[in-house]
Asks: 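This is the structure I want to talk about, given as structure tokens.
Residue numbers start from 1 in every chain, and the chains themselves are labelled A, B, ... in the order their sequence lines are given, proteins ahead of strands.
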Number of protein chains: 2
Amino acid sequence: MQQTRQTKQRKIILEKLRKVHTHPTAEEIFQMVLPLLPKVSLATIYRNLEFLEKQGEILKLEHKNNESKNRYDGHTEPHRHLICKKCGEIVDISCCCCCQMNKKDLAKYGFTVDDGFIEILGLCKKCSHK
Amino acid sequence: MQQTRQTKQRKIILEKLRKVHTHPTAEEIFQMVLPLLPKVSLATIYRNLEFLEKQGEILKLEHKNNESKNRYDGHTEPHRHLICKKCGEIVDISCCCCCQMNKKDLAKYGFTVDDGFIEILGLCKKCSHK
DNA sequence: ATTCTTATTGCAAATGGTTCTCAATAAGCA
DNA sequence: TGCTTATTGAGAACCATTTGCAATAAGAAT
């Protein structure tokens, strides 16, 4: 059993992520914490994001549309993500009425589904007007 | 207006992808066509997959769970994907009753959604038994 | 058929997000 | 206050994907 330590870096990364309602990349998070942690390294950002995800404190969004970067979400309450296939924008939507339905349907396939992990791909307003 | 040419490579890649009901990676597709195209290069696989996706002949699945590779789907009829967050397995499911509902809900957010592009993340039978 | 244009290929090198190595640092128990 | 070792910072390594370029081959024109 390995103890875990509460480091300044880990604390600040989580705080920043909680405060924001976007879905920043590791690089963006790096920029966000830089004023508070001028010496922090990108590797530390990645390591802490992985740690926090394993602890269930944050979500890692691994869908990459036209950008090969993961994004992170500091809010773990059940919600869904609308992802624009063109510009990669991610929009939160509240859990709609068909969650229950999905769960039943999906049980047939042996899948266990968490409401927080449904991603719907489409085109955002801007991109669909082109 | 640039003409497009029907090359042996392009034809075989699409045929192989159509024949199969899995969601192979570029590397796996490379292995699949190697017997028919012993001199083919991985770059050609990637270029043709991009081409075929732009033509709407195949789907590119950009969600990467525990594997940093894109996957491809030779079947473009509306269907959804169940993706296992742990092992990355992708299962096709037929379009269920809540498609309509989703579309209406999502219109509120300005999103245009195509049935083929809904991905539901969860745990497959094997992984949920651990 | 043959020629000609240029889209496409194969190879190798480049790219870029993420992970890893390792010595130095610091959290927090004794 | 000292001590153990989890964590950090810096840079190198990794690896899926993309790109540059000369060679090849579709397929239209002759």
Side-chain angles (χ1 to χ4, degrees), chain A residues 1-17 23-55 57-73 85 88 90, chain B residues 1-17 23-55 57-73 85 88 90:
Chain A
M1 8 238 78
Q2 143 173 330
Q3 64 160 318
T4 68
R5 293 173 186 175
Q6 165 78 328
T7 66
K8 204 174 7 149
Q9 289 87 337
R10 188 169 293 161
K11 189 159 158 281
I12 290 175
I13 289 170
L14 181 56
E15 279 171 5
K16 282 284 182 193
L17 215 35
H23 308 81
T25 62
E27 176 65 36
E28 287 167 349
I29 294 166
F30 177 66
Q31 296 300 331
M32 286 159 65
V33 302
L34 215 43
L36 295 171
L37 301 167
K39 298 233 143 183
V40 78
S41 108
L42 237 195
T44 298
I45 305 292
Y46 277 109
R47 277 184 294 229
N48 278 304
L49 289 171
E50 190 192 357
F51 179 96
L52 291 167
E53 196 219 352
K54 288 226 174 90
Q55 300 285 309
E57 298 281 0
I58 66 173
L59 300 178
K60 185 179 184 184
L61 310 182
E62 298 187 80
H63 199 104
K64 333 196 166 160
N65 277 294
N66 294 337
E67 51 166 35
S68 47
K69 300 165 194 163
N70 291 322
R71 292 185 166 274
Y72 298 86
D73 189 334
K85 272 193 79 68
I90 300 178
Chain B
M1 14 237 79
Q2 140 175 330
Q3 63 160 316
T4 68
R5 294 176 186 172
Q6 165 78 331
T7 65
K8 204 175 4 150
Q9 289 86 338
R10 185 122 77 213
K11 189 159 155 284
I12 290 175
I13 289 170
L14 181 56
E15 280 172 3
K16 281 284 181 191
L17 216 35
H23 309 82
T25 62
E27 175 65 36
E28 287 167 349
I29 293 165
F30 176 67
Q31 296 300 331
M32 285 159 65
V33 302
L34 215 44
L36 294 170
L37 301 167
K39 297 232 144 185
V40 77
S41 106
L42 237 195
T44 297
I45 305 291
Y46 276 108
R47 278 185 293 230
N48 278 304
L49 289 172
E50 190 192 355
F51 179 96
L52 292 168
E53 196 219 351
K54 287 225 174 87
Q55 301 285 309
E57 299 281 0
I58 65 172
L59 301 177
K60 185 179 183 185
L61 310 182
E62 299 187 80
H63 199 104
K64 330 193 170 161
N65 279 293
N66 294 338
E67 53 167 29
S68 47
K69 300 166 194 163
N70 291 322
R71 291 184 167 273
Y72 298 86
D73 189 335
K85 273 194 80 68
I90 301 179

Asks: Whole angstrom is fine here: how far is it from NZ in A/K11 over to P in D/dT8?
Replies: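 So the two atoms are 14 Å apart, to the nearest Å.
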Asks: Along nucleotides 24-30 of chain C, 5' to 3', which nucleotides get a B, which get an S, and which get a -, given that the test is a protein heavy-atom distance under 4.0 Å?
Replies: --BBS--
Asks: Which heavy atom in A/R5 sits nearest to a heavy atom in A/R10, and how many Å separate them?
Replies: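 In terms of heavy atoms, the two residues are closest at O-NH1, 3.1 Å.
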Asks: So which pairs with a foot in residues 29-46 of chain B pass side chain to side chain donor-acceptor pair (under 3.5 Å), sequence neighbours left out?
Replies: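 Sorted pair list: B/E27-B/Q31.
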Asks: For A/L42 and A/F30, which heavy atoms make the closest approach, and how far apart are they?
Replies: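 For A/L42 versus A/F30, the nearest heavy atoms are N-CE1, 3.8 Å.
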Asks: Side-chain contact, heavy-atom cut-off 4.5 Å: B/Y72 with B/L52?
Replies: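 No, side chains not in contact.
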Asks: Quick check for you: to the nearest 0.5 Å, what is the distance between B/H23 atom NE2 and B/L59 atom CG?
Replies: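 Between atom NE2 of B/H23 and atom CG of B/L59 there are 8.5 Å.
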Asks: Apply side-chain contact (heavy atoms from CB on, under 4.5 Å) to residues B/L37 and B/Q9 and explain how you reach the verdict.
Replies: CA-CA 7 Å; B/L37 301 167; B/Q9 289 86 338; 4.1 Å; yes
Asks: The criterion is salt bridge (charged side-chain N to carboxylate O under 4.0 Å, His left out); which residues satisfy it with B/R71, sequence neighbours excluded?
Replies: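 Checked B/R71 against salt bridge (charged side-chain N to carboxylate O under 4.0 Å, His left out); matches are B/E28, B/E67.
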Asks: Over the length of the helix from C/dA1-D/dT30 to C/dA30-D/dT1, how much do the five-pair end axes diverge, rounded to 10 degrees?
Replies: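 It works out to 30° between the end axes.
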Asks: Quick one: closest heavy-atom pair of B/P35 and B/M32, and the distance?
Replies: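 For B/P35 and B/M32, the tightest heavy-atom pair comes out as CD-O, 3.5 Å.
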Asks: Please give, in whole Å, the distance from C/dT18 C1' to A/I29 CD1?
Replies: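 Between C1' of C/dT18 and CD1 of A/I29: 13 Å.
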Asks: Which residues pass the salt bridge (charged side-chain N to carboxylate O under 4.0 Å, His left out) test with B/K11, sequence neighbours left out?
Replies: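 In terms of salt bridge (charged side-chain N to carboxylate O under 4.0 Å, His left out), with neighbours along the sequence ignored, B/K11 is linked to B/E15.
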Asks: Nearest 0.5 angstrom please: B/K16 NZ to B/L34 CG, how far?
Replies: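 Atom-to-atom, B/K16:NZ and B/L34:CG are 10.5 Å apart.
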Asks: Of the options C/dT18, D/dT8, D/dT18, whose atoms approach the side-chain atoms of A/R10 most closely?
Replies: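 Of all the options, the side chain of A/R10 is nearest to D/dT8.
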Asks: By a strict heavy-atom criterion of less than 4.0 Å, which residues belonging to residues 34-55 of chain A are in contact with DNA chain D?
Replies: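 Those residues whose heavy atoms fall under 4.0 Å from DNA chain D, taken from residues 34-55 of chain A in numerical order, are A/K39, A/V40, A/S41, A/A43, A/T44, A/R47, A/N48.
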Asks: Let me know the distance between CZ of A/R71 and C1' of C/dG17, rounded to the nearest Å.
Replies: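 Taking atom C1' of C/dG17 as the reference, CZ of A/R71 is at 13 Å.
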Asks: Just N and O in the side chain of B/N70: are any of them under 4.0 Å from OP1 or OP2 of D/dT17?
Replies: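 Yes, such a contact exists.
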Asks: Using whole Å, what does the distance between atom C1' of nucleotide D/dT17 and atom NZ of A/K64 come to?
Replies: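 After rounding, the gap between these two atoms is 11 Å.
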Asks: Could you check how far CD of A/E28 sits from C1' of C/dG17, rounded to whole Å?
Replies: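 Nearest whole value for this atom pair: 13 Å.
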Asks: What is the separation between atom CZ on B/F30 and atom C1' on D/dA16, rounded to the nearest whole Å?
Replies: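 Distance, rounded to whole Å: 14 Å.
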Asks: Provide the closest heavy-atom pair for B/A26 versus B/I45 in the form atom of the first, atom of the second, distance.
Replies: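 For B/A26 versus B/I45, the nearest heavy atoms are O-CG2, 3.7 Å.
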